[in-house]
Amino acid sequence: MLTRTFFSLIILVLFTFSTSIGASGDPVRAENGMVVSASKLASDIGIEILKKGGNAIDAAVATGFALAVAYPTAGNLGGGGFMVIHLADSLNTTIDFREKAPKNAFRDMYLDSNGVYLPELGREGFTSSGVPGSVEGLLYALNHYGTMKIHEVIEPAIKLAEEGIVLEYRLAESISSNTNRFLEYPSSAKIFTKNGNPYEENDTLIQKDLARALQLISENGRDGFYKGHVAKLIAEHSKKSGGFITEQDLADYQCVERTPIYGYYKGFDIVTMGPPSSGGIAITQALNALENFNWEKSDWNSSEYIHTLVEILKRVYADRAEHLGDVDYYPVPVDWLTSKLYAQEIVTGIADTATPSEKVNPGIPIPEESEETTHYSVVDKYGNAVSTTVTLNSSYGNKIVVEGAGFLMNNEMDDFSAKPGTPNQFGLLGSEANSIEPGKRMLSSMTPTIVLKQGKPYFVTGSPGGSTIITVVLQTILNVIDFEMDVEQTLYAPRIHHQWMPDKIYFEEYGLSKDVIENLERRGHIMGNIRVLGRAEGILIFDDYFTGTTDPRGYGKASGY
Ligand code: GLY
């Protein structure tokens, strides 16, 4: 099935680039509002909220709750995320609802008595879960920046869970490919298998326990999740499975409203997420360095462009490994990393040939991150824009449905540097900045971003993809600003990825020609394997209309009206 999916992608990419580069493609166009997410059902729910007069924040919250039902792969109540908001009155802000380490967590919790790292403890079972933040984050956004009541934005999600969703083939395939994992946990098998058998296309997935949990949130706000029935169910399941989350951890959980990371690139303002995301700092660093280069449209994916991008990315990811973590626990040098002066240092270090990664800041390599996350972008007719990325970390998190509560738990603890210097599941390395401490947030790559033109939203973007999120979001921005692509071309265009360690350029099928690859190799670059990179959800905003596209690598929808 992946072959079929990827084949479709290739056809789309070839079509786009052979017939319409520079011409307008066929993105969804609308005048009043737009929601682009990984789920058709969730995007349509967001649009209904806008049609009822809600603003982009109301729609984003409704979409977020709907994704928890309709896109259980990464949409969630049991995980966390980041939201970047631009309000029509010019205020820019971000909401950090990243999961936190439970109070009983400790630095060496995933090491045995000999100091040997036991990765499965941080990736599987209840030991891998951080304290979830999604419910708190969505409700905080609604209460501070929305206009509607909780029950209005959550009702459509309750209905989806109660009445069921008909599984389109790619979601059915995604759930069924995890059947054996779900069967390890009776509470998960009850929801995500059909009496022990895999789900199939056009089956209906009914989630009654999840509907009840959503109903409790609708009636009691954050207390419907962080206190009482649901909190008890989480804490009991955690305790009986050797996990660390207690009712107190849940009662104490708070999201944080943080000042965004601001960048300025070739006349555009970039509003993006700061720590505990590494993404905002990383793309700002990269854009500051890239500002020193000018590209023609015909330079797109040339060897000179890829060489420059990769050399910058090596340095950015090396800094990520060394310096980034939760700012509430570690003094991240944000101003220095995002300064134009430091970008000059990066640029000065770039030669005509590849600098081997081991010679780029021999710091501590980076831990890996899950690629299964999900992003959604929302704009309204009032001038508000919201860019949100949420995650359970791996697909379906740790695959454990909380008994009686109907939702999956995250395995986000793996995003900490469990043993500084040892790679995580995505090969990323980390340092002391991202070591485990009680109550600390694990480092993320999620990069929800809003690009402003003359102070107004111009491009809303973001993507899943673990450590590749940063390079994917960066390339969507470069495609729009430097290469003047429309939103469809931007999202369809093949991507590359380099994260310093391993020292390899990963690339998408048809993304790099043989000549370009040979040129890069001549310059000392090492080519990695072909892989699919990200699933961005983008909206490009013009004076009197919006254009939006869901990434062809996924199966979402741009919904507009
Ligand atoms: N779990 C993926 C990320 O937060 O970047």
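The analysis underlying the following values was restricted to heavy atoms, covering all of them including side chains, and did not include hydrogens, waters or symmetry mates. Every number for a ligand or one of its atoms is a count from 1 in the order of the listing.
- Close contacts of ligand 1 with Arg98, meaning ligand atoms under 4.0 Å from a residue heavy atom, involve 4 (O).
- Atom OH of Tyr506 and atom CD1 of Ile496 lie 12.0 Å apart (nearest 0.5 Å).
- Nearest to atom 5 (O) of ligand 1 by heavy-atom distance, out of Gly79, Ser445, Gly81, Ala74, is Ser445.
- Where the criterion is an N or O separation shorter than 3.5 Å, residue side chain and backbone included, Thr373 fails it with respect to ligand 1.
- In this structure, the salt bridge (charged side-chain N to carboxylate O under 4.0 Å, His left out) partners of Lys440, at least two apart in sequence or on a different chain, are Glu437.
- In Glu412, the part holding a heavy atom less than 4.0 Å from any atom of ligand 1 is the side chain.
- Annotation: salt bridge (charged side-chain N to carboxylate O under 4.0 Å, His left out) contacts of Glu120 (sequence neighbours excluded): none.
- Listed by atom number, the atoms of ligand 1 under 4.0 Å from Asn393 heavy atoms are 1 (N), 2 (C).
- A cation-pi geometry, defined here as NZ or CZ lying under 6.0 Å from the six-membered ring centre and within 45° of its normal, does not hold between Arg170 and Tyr555.
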Show your working on ring-ring contact (aromatic ring centres under 6.0 Å, His included) between Phe182 and Tyr396 and close with a plain yes or no. CA-CA 9 Å; Phe182 291 133; Tyr396 308 94; 5.4 Å; yes
